[in-house]
Amino acid sequence: MTDSDRLIETLDARARRRDSRRAFFTGVIGAAAGAAALSGTAQAQTTPAPSPSPSPSPSPSGTPTPTVTEADVLNFALNLEYLEANYYAFAVTGSPLASADISGQIGTAGSATGGRAVGFKDSVVQQYANEIYQDELAHVRFLRAQFTDASRLAQPRIDLGTDPSGAFSTAAVAAGLITQGQSFDPYASDENFLLGAYLFEDVGVTAYKGAAPALLTSKLYLEAAAGILAVEAYHAAIVRSVLYRKGIATPALGLIQATTAISDARDRLDGRPTEDTTRGIAPDDDQGIAPDTTNPNAPVSNIMPLNANGLAYSRSPGQVLNIVYLNAGAVSSGGFFPAGVNGNIKTSAASA
């Protein structure tokens with residue numbers, strides 16, 4: 001069996017529902033390695049990352065190397081998948097991921113705490129939540145399967161609670177949705193759950209979009225990068241579409257305005273990079289779902305946040321960490337990861 005066949009067999013195990021995932025591993029490597037090389041956030045990034053291969057051999061010691069390794073890139077992606085998968089696990093099942101899905105010898109192990117099940121009222125939202133939960137759990141299990149018992153990354157500590165000083169509330173204060181000392185509870189309603197999902201899913205799309213095309217030399221890797229971006233974009237589009245529908249149907253909920261506020265807050269966190277309309281880089285790289293009412297015939301929805309060329313935006317790993325750490329500075333912990341992520345790519349960017 002060839003490497004590609006083995007990879008396809010692994011990814012298609014869950015009822016072969018996601019054919020576009022068959023190159024997930026290499027897509028993550030290509031996207032995140034390229035973005036890491038651009039951002040300068042990984043340790044000692046002085047030369048281009050090595051070409052990805054379907055079978056990484058992470059170092060059990062976790063010792064930093066002069067370049068971004070395949071293990072580093074996988075581990076960065078795994079930290080983010082731990083975050084998303086736990087959020088949906090709490091919302092759907094009332095519990096975080098099982099110990100078998102989070103244990104590891106690399107990094108400081110921690111628990112995901114503070115979440116609970118959502119009492120869904122809208123059956124469509126509940127079905128979407130169930131589907132995305134299964135997708136994110138599959139991502140976690142696949143990434144973990146690429147490592148040995150001695151080299152597998154442990155889940156770091158993750159804050160998914162509703163305390164006024166916690167990550168969700170801090171993010172809501174930054175967006176102006178609540179005031180200091182108040183609490184935002186993403187598990188309190190279908191609408192709050194969708195806003196919590198909106199906070200993560202849009203960031204995931206821009207993270208995987210941040211690939212350097214020069215590092216992807218084979219058709220397999222190009223297809224993989226496109227495939228993982230498509231899966232993340234599907235998730236984000238579902239969340240944005242449902243929020244838009246609910247916001248238009250019941251304006252008093254303020255959902256459309258809330259997405260704009262969250263997007264503006266993310267823009268403030270991830271800095272002001274020089275605009276490049278071809279690569280999808282811009283200081284204003286985030287958009288809510290507010291419709292364009294300038295059209296003389298009818299308002300135009302904004303489900304797809306694009307630039308003037310119709311391209312999705314890109315973020316570097318450092319910018320992604322700015323958002324999940326809820327800090328515009330160069331830090332190594334905070335927000336949803338109170339003790340930081342595990343692995344070698346762990347420092348956010350110093351926002352310009």
Side-chain angles (χ1 to χ4, degrees), residues 11 13-15 17-18 20-21 24 28 77-103 110-145 153 155-162 166-169 171-172 184-208 228-243 246 255 259 262 320 323-324 335-337 341:
L11 286 172
R14 190 165 64 86
R17 291 193 331 117
R18 291 292 184 270
S20 64
R21 284 191 200 150
F24 177 73
V28 171
L78 182 54
N79 280 291
L80 302 180
E81 297 295 349
Y82 279 142
L83 174 63
E84 289 188 309
N86 274 289
Y87 177 63
Y88 290 108
F90 271 125
V92 170
T93 72
S95 300
L97 297 183
S99 58
D101 292 317
I102 65 173
S103 61
S111 300
T113 59
R116 69 174 192 277
V118 176
F120 292 104
K121 304 297 184 185
D122 187 329
S123 61
V124 172
V125 174
Q126 185 172 21
Q127 290 175 45
Y128 288 158
N130 285 332
E131 180 177 4
I132 297 175
Y133 163 55
Q134 294 297 329
D135 293 346
E136 302 298 354
L137 178 58
H139 289 173
V140 167
R141 288 176 173 172
F142 172 70
L143 288 170
R144 287 171 52 81
L153 190 81
Q155 175 186 282
R157 180 184 168 198
I158 298 174
D159 173 20
L160 290 170
T162 62
F168 274 119
S169 298
F184 177 76
D185 184 351
Y187 314 101
S189 66
D190 294 51
E191 292 74 25
N192 280 17
F193 162 75
L194 289 166
L195 289 174
Y198 173 82
L199 178 62
F200 297 136
E201 294 296 347
D202 271 8
V203 176
V205 173
T206 57
Y208 288 115
I228 185 60
L229 173 60
V231 172
E232 294 297 327
Y234 280 135
H235 290 173
I238 286 173
V239 172
R240 293 173 71 94
S241 295
V242 179
L243 282 167
K246 287 179 174 289
L255 296 176
T259 64
I262 292 170
V320 171
I323 295 171
V324 297
F336 293 97
F337 294 98
V341 297

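It should be emphasised that the depicted structure is a prediction, and the values quoted were computed from it without experimental measurement.
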Peer 1: Going by side-chain contact (heavy atoms from CB on, under 4.5 Å), name the residues that satisfy it together with R116, two or more places apart in sequence or in a different chain.
Peer 2: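 Expected list: T162, D185, Y187, A188.
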
Peer 1: Report the distance from atom OG of S189 to atom CG of D122, rounding to the nearest 0.5 Å.
Peer 2: 11.0 Å

Peer 1: Ignoring hydrogens, what is the shortest heavy-atom contact between L194 and L243? Give both atom names and the distance.
Peer 2: CB-CD2, 3.6 Å

Peer 1: For residues A112 and P96, report the shortest heavy-atom separation together with the two atoms involved.
Peer 2: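 Smallest interatomic distance, heavy atoms only, reads O-CB, 3.9 Å.
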
Peer 1: Give, for atom CD1 of I238 and atom CD1 of I132, the distance between the pair rounded to the nearest 0.5 Å.
Peer 2: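 Rounded to the nearest 0.5 Å, the CD1-CD1 separation comes out at 5.0 Å.
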
Peer 1: Between S111 (side chain) and T113 (backbone), is there a donor-acceptor pair under 3.5 Å?
Peer 2: no

Peer 1: Counting C-beta onward and ignoring hydrogens, is there a side-chain heavy-atom pair between R240 and D202 closer than 4.5 Å?
Peer 2: yes

Peer 1: Quick one: side chain to side chain donor-acceptor pair (under 3.5 Å) partners of Y88, sequence neighbours excluded?
Peer 2: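 Counting only residues at least two positions away or on another chain, Y88 forms a side chain to side chain donor-acceptor pair (under 3.5 Å) with E201.
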
Peer 1: By side-chain contact (heavy atoms from CB on, under 4.5 Å), which residues pair with D159, not counting sequence neighbours?
Peer 2: A167, P338

Peer 1: With distance as the sole criterion, is a donor-acceptor pair present between the side chains of E136 and H235 under 3.5 Å?
Peer 2: yes

Peer 1: Please name all residues satisfying side chain to side chain donor-acceptor pair (under 3.5 Å) with D101, sequence neighbours left out, ordered by chain then number.
Peer 2: R141

Peer 1: Could you check whether F193 and F120 have their ring centres less than 6.0 Å apart?
Peer 2: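 When the ring centroids of F120 and F193 are compared, they turn out to be within the sub-6.0 Å range.
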
Peer 1: Quickly, which of I262, L255, V203, V242 forms a side chain to side chain contact (heavy atoms under 4.5 Å, CB included) with Y198? Name it, please.
Peer 2: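 Filter result, single survivor: I262.
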
Peer 1: Measuring from atom CG of L160 to atom CD of E84, what distance do you get when rounded to the nearest 0.5 angstrom?
Peer 2: 11.0 Å

Peer 1: To the nearest 0.5 Å, what is the distance between CZ on F337 and CD1 on I158?
Peer 2: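 The CD1 atom of I158 is 5.0 Å from CZ of F337, to the nearest 0.5 Å.
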
Peer 1: About how many Å separate CD1 of I102 and CG of N86, when rounded to the nearest 0.5 Å?
Peer 2: 7.0 Å

Peer 1: Using the side-chain contact (heavy atoms from CB on, under 4.5 Å) criterion, which residues pair with F184? Sequence neighbours excluded.
Peer 2: F168, S169, A172, I178, P186, N192, L195

Peer 1: Do the ring centers of Y133 and Y87 come within less than 6.0 Å of each other?
Peer 2: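 Centroid separation for Y133 and Y87: 6.0 Å or greater.
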
Peer 1: Who pairs with R144 by salt bridge (charged side-chain N to carboxylate O under 4.0 Å, His left out), at least two apart in sequence or on another chain?
Peer 2: none

Peer 1: What distance do F90 atom CZ and L97 atom CG have between them, rounded to the nearest 0.5 Å?
Peer 2: 8.5 Å

Peer 1: Among pairs that include at least one residue of residues 186-198, which meet salt bridge (Lys or Arg N to Asp or Glu O under 4.0 Å), considering only residues two or more places apart or in two chains?
Peer 2: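 Output for this query lists E191-K246.
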
